[in-house]
Amino acid sequence: MQIQFLLLKTMLRMKNLLVAGILMSGIAFGQVKKDTLEREYKLEATPYKVEKKEKPLPLSKKGQMFAFFGWNRGAFSNSDIHFSGNGYDFQLNNVAARDKPTKFGIVYFDPSWFTVTQYNFRIGYFIKDNLALVLGIDHMKYVMKQNQTVDFSGYISDPKYAAMVQNGQVNLADEQFLTFEHTDGLNYENLGLEKYKNLVHKKNIDLVWSYGAGLGVMFPKSNIKLFGNERSDRFHVAGMGADLRSSLNMVFWKNWMLRAEVKAGYINMWDIKTTLNNKPDKARQDFVFGQALAGIGYTFNTKKYN
């Protein structure tokens, strides 16, 4: 009887321990589940943060572009001009020339007349950070100074014009012997590389310096009248040119720019048309030029930034 009582008592204790264990595991499991749900909720509630890319400085980043239009003044070294054709082969030495700026007025702003002025056009693309490939047209104007006497060497078979040569010189002032211009114009179509460096960065203003070099073809429309022949007045690929350049660019509100540039270069034209027909008449010359230009442009990013 006593043994049965002890056995019953032991079974009751085990039952109580089992119930307590079940209750404790339920509480622990519930706590873990609660913590897990809270963590999952917090993860779901946390917004995904997109990495913000700052807009780069103007004229600095690969993929940026710019376009520019402006006006120039030019200067030219004296040059020797060699003329050849049927009945003549001669050279005029140390010929002086100047540019031909248009008087300031509405012509500078009227698109239908823009080729009348001495203008420049540029379009650039940044192939690397701070390095741009630039396509340009320099529409300069070259006019031989008429009131000058120059040295002459060679021969002319026409006695009328041969008689104008006195003591190895010819006076060009009366325009009968020669008028010589590239006024429509002295077109230098060039491709260049330019390196850019930001000098000043403010909230709405950047000052950017550039330097570089270019190479291109000469595509003048030469206005030439030699020995009273009909004037040559047509576009023609006449030679090549090369230049060194440097500019300052002030950029406003990240996009609009004012550009001032100076350049120096060399031009060699070996096939200048001197008559309107297809005779073998031609001239050749080479000279050094200098140019100062200024104008307005626009720069932009081809990639999107937040």
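Since this is a predicted model, take the numbers as computed values, not measurements.
- A heavy-atom distance below 4.5 Å is found between the side chains of Met140 and Phe289.
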Evaluation steps, ring pair (Phe, Tyr, Trp, His ring centres under 6.0 Å), between Tyr196 and Trp209: CA-CA 6 Å; Tyr196 286 76; Trp209 171 55; 9.7 Å; no
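- Atom NZ of Lys195 sits in a crowded spot, with more than 12 heavy atoms from other residues, nucleotides or ligands closer than 6.0 Å.
- Listed for the Ser222 side chain is no donor-acceptor partner under 3.5 Å among the backbone atoms of Phe180.
- Partners of Trp270 according to the ring pair (Phe, Tyr, Trp, His ring centres under 6.0 Å) rule, which considers only residues two or more places apart in sequence or in another chain, do not exist here.
- The two residues Pro56 and Asn301 come nearest to each other via the heavy atoms CG-OD1, 3.8 Å.
- Looking at Ile224 and Lys273, their side chains never come closer than 4.5 Å, going by heavy atoms from C-beta outward.
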Gln176 and Met164: CA distance, side-chain angles, deciding distance, side-chain contact (heavy atoms from CB on, under 4.5 Å) verdict: CA-CA 9 Å; Gln176 293 185 39; Met164 294 182 181; 3.7 Å; yes
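- In summary, the side chains of Tyr119 and Asp138 do not present any donor paired with an acceptor at a separation below 3.5 Å, with no hydrogens or angles considered.
- The side-chain heavy atoms of Pro280 and Asn86, taken from C-beta on, include a pair separated by under 4.5 Å.
- Between Asp129 and Lys62, none of the side-chain N atoms (NZ, or NE/NH1/NH2) sits under 4.0 Å from a carboxylate O, so this pair counts as no salt bridge.
- The main-chain N or O of Lys145 is found under 3.5 Å from a side-chain atom of Gln148 such that the two form a donor-acceptor pair.
- Using a 4.5 Å heavy-atom threshold, the side chains of Val251 and Ile205 count as separate.
- The environment of CG in Asn147 is sparse: at most 12 heavy-atom neighbours from other residues, nucleotides or ligands sit within 6.0 Å.
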Evaluation steps, side-chain contact (heavy atoms from CB on, under 4.5 Å), between Thr183 and Val143: CA-CA 7 Å; Thr183 48; Val143 181; 3.4 Å; yes
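- For the residue pair Gln91 / Ser153, no side-chain donor-acceptor distance below 3.5 Å is found, with atom types taken as modelled.
- Relative orientation of the Phe76 and Phe287 rings is perpendicular, given thresholds of 30° and 60° on the angle between their planes.
- When Phe66, Phe300, Tyr298 are each tested for a ring pair (Phe, Tyr, Trp, His ring centres under 6.0 Å) with Trp256, only one passes: Tyr298.
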From CA spacing to verdict: side-chain contact (heavy atoms from CB on, under 4.5 Å), Met257, Phe252: CA-CA 6 Å; Met257 56 187 276; Phe252 299 89; over 6 Å; no
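- Annotation for Lys225: atom NZ does not count as buried by contact number, only 12 or fewer foreign heavy atoms lying within 6.0 Å.
- A donor and an acceptor atom, one from each side chain of Thr117 and Thr102, are nowhere located under 3.5 Å apart.
- At least one side-chain heavy atom of Asp206 sits less than 4.5 Å from a side-chain heavy atom of Leu57.
- Formation of a donor-acceptor pair under 3.5 Å by the Ser157 side chain with backbone atoms of Gly87 is found in this model.
- There is no side-chain donor-acceptor pair under 3.5 Å between His139 and Asn72.
- For Phe235, the ring pair (Phe, Tyr, Trp, His ring centres under 6.0 Å) partners at least two apart in sequence or on another chain are Phe219.
- Ile267 and Leu293 fall into different hydrophobic clusters, defined by Ile, Leu, Val, Met, Phe, Trp and Tyr side-chain heavy atoms under 4.5 Å apart, directly or through other members.
- The heavy-atom pair separating Leu199 from Leu248 by the smallest distance is CD1-CD2, 4.2 Å.
- The minimum heavy-atom distance linking Gly74 with Gln118 is given by the pair N-NE2, 4.3 Å.
- A distance-only check finds no donor-acceptor pair linking the side chain of Asn198 to the backbone of Val208 [under 3.5 Å].
- Note on Arg245 versus Asp243: salt bridge recorded, some NZ/NE/NH1/NH2 to OD/OE distance being below 4.0 Å.
- Screening Lys100, Gln285, Lys221 for a side chain to side chain donor-acceptor pair (under 3.5 Å) with His182, the sole residue that qualifies is Gln285.
- With a 6.0 Å radius and a threshold of 12 heavy atoms from other residues, nucleotides or ligands, Asp174 has its CG atom above the threshold.
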Verdict with reasoning, Phe227 to Tyr88, per ring pair (Phe, Tyr, Trp, His ring centres under 6.0 Å): CA-CA 11 Å; Phe227 300 160; Tyr88 64 91; 5.4 Å; yes
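- Of the residues Tyr155, Tyr161, Phe177, the one that meets the ring pair (Phe, Tyr, Trp, His ring centres under 6.0 Å) test with Phe90 is Phe177.
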Leu172 vs Met144, side-chain contact (heavy atoms from CB on, under 4.5 Å): CA-CA, chis, key distance, verdict: CA-CA 10 Å; Leu172 303 173; Met144 181 187 75; 3.8 Å; yes
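- Counting only distance, with no hydrogens or angles, the side chain of Glu194 and the backbone of Asn130 share no donor-acceptor pair below 3.5 Å.
- Side-chain atoms of Gln64 come within 3.5 Å of backbone N or O of Ser60 as a donor-acceptor pair.
- Within 6.0 Å of NZ in Lys254 there are more than 12 heavy atoms belonging to other residues, nucleotides or ligands.
- Between the side chain of Ser246 and the main chain of Val262, no donor-acceptor pair closer than 3.5 Å is present.
- In the hydrophobic cluster analysis, where Ile, Leu, Val, Met, Phe, Trp and Tyr join through side-chain heavy atoms closer than 4.5 angstrom, Val165 is grouped together with Ile81.
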Test log, rule side chain to side chain donor-acceptor pair (under 3.5 Å), inputs Gln291 and Asn120: CA-CA 11 Å; Gln291 187 184 160; Asn120 298 78; 2.7 Å; yes
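- Salt bridge status for Lys141 with Asp99: absent, with no side-chain N to carboxylate O gap under 4.0 Å.
- Considering Leu178, Asp281, Asp89, Ile156 in turn, Leu178 is the only one that fulfils the side chain to side chain contact (heavy atoms under 4.5 Å, CB included) rule with Phe83.
- Checking side-chain atoms of Asp158 against main-chain N and O of Lys160 turns up a donor-acceptor pair under 3.5 Å.
- With contacts defined as side-chain heavy-atom distances shorter than 4.5 Å, the pair Ile123/Met65 qualifies.
- Asn190 is listed as a side-chain neighbour of Tyr188, based on a closest heavy-atom distance under 4.5 Å.
- Considering only heavy atoms from C-beta on, Lys197 stays 4.5 Å or farther from Ser210 through its side chain.
- Note: the hydrophobic cluster containing Leu215 does not contain Val237 (ILVMFWY, side chain heavy atoms under 4.5 Å, direct or indirect links).
- For the pair Arg259 and Phe68, the cation-pi criterion (under 6.0 Å, within 45° of the ring axis) is fulfilled.
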